[in-house]
Enquirer: 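Below is a structure I'd like to ask you about.
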Amino acid sequence: DSPGGQGAVCSLSAVESGYLNIVAPGIEAYDPNRASLLLAIEYLTALEGDFWVKLRGAGLTYSYSIGDSTDSQLLRFSLFNCADIP
């Protein structure tokens, strides 16, 4: 199975926060662009880096992550406890 093209939006009255998981095709372990991807992930997710300032610092989300799996060749972006944005 390859990711993409499927999704679900669920509303639960008992949950006041939003959660987001986006999965996209990633790269192989020995791809020549792997070092660049890992550097970009470190830069974006560094403490008090761009994502911290623009997402957490602005009160839009409590936590975030970007992950790269060479086993599944998937790139994942996640937001946890997002603010209820109208």
Side-chain angles (χ1 to χ4, degrees):
D1 290 320
S2 62
Q6 296 180 2
V9 177
C10 302
S11 176
L12 304 171
S13 61
V15 178
E16 294 181 6
S17 295
Y19 301 88
L20 173 71
N21 245 343
I22 298 175
V23 179
I27 59 176
E28 297 177 351
Y30 298 104
D31 188 292
N33 295 314
R34 179 143 172 77
S36 299
L37 175 62
L38 294 177
L39 182 64
I41 290 172
E42 286 298 319
Y43 175 79
L44 291 171
T45 59
L47 183 62
E48 297 191 21
D50 278 359
F51 275 18
W52 193 96
V53 170
K54 293 185 170 89
L55 295 174
R56 182 162 181 179
L60 298 176
T61 186
Y62 181 75
S63 184
Y64 52 86
S65 70
I66 300 176
D68 173 51
S69 172
T70 54
D71 292 337
S72 61
Q73 293 183 2
L74 295 175
L75 186 63
R76 181 181 310 271
F77 173 68
S78 301
L79 298 177
F80 309 99
N81 297 336
C82 301
D84 186 19
I85 302 171

Enquirer: Membership question, hydrophobic clusters at under 4.5 Å side-chain separation (ILVMFWY): are Val53 and Tyr62 in the same one?
Expert: no

Enquirer: Let me confirm one number: the CD1-CG distance from Ile27 to Leu37, rounded to the nearest 0.5 Å.
Expert: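 Those atoms lie 4.5 Å apart.
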
Enquirer: For Ile66, which residues count as a side chain to side chain contact (heavy atoms under 4.5 Å, CB included) partner, sequence neighbours excluded?
Expert: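 Side chain to side chain contact (heavy atoms under 4.5 Å, CB included) list for Ile66, sorted by chain: Ile41, Leu44, Thr45, Phe51, Leu75, Phe77.
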
Enquirer: With sequence neighbours excluded, what pairs up with Arg76 under the salt bridge (Lys or Arg N to Asp or Glu O under 4.0 Å) test?
Expert: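 So Arg76 forms no salt bridge (Lys or Arg N to Asp or Glu O under 4.0 Å) with any residue.
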
Enquirer: Step through the shown structure and confirm whether more than 12 heavy atoms of other residues, nucleotides or ligands are within 6.0 Å of OH on Tyr19.
Expert: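 Yes, OH of Tyr19 has more than 12 neighbouring heavy atoms, counting only those of other groups under 6.0 Å.
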
Enquirer: Which heavy-atom pair separates Arg34 from Glu28 by the least distance, and what is that distance?
Expert: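 What the structure gives for the nearest pair is CD-O, 3.8 Å.
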
Enquirer: For Tyr64 versus Ala46, what's the shortest heavy-atom pair and its separation?
Expert: OH-O, 4.1 Å

Enquirer: Identify, with sequence neighbours excluded, every residue that meets side chain to side chain contact (heavy atoms under 4.5 Å, CB included) alongside Tyr43.
Expert: Asp50

Enquirer: Under a 3.5 Å distance rule, please check whether Ser78 uses its side chain to pair with a backbone N or O of Asn21 as donor and acceptor.
Expert: no

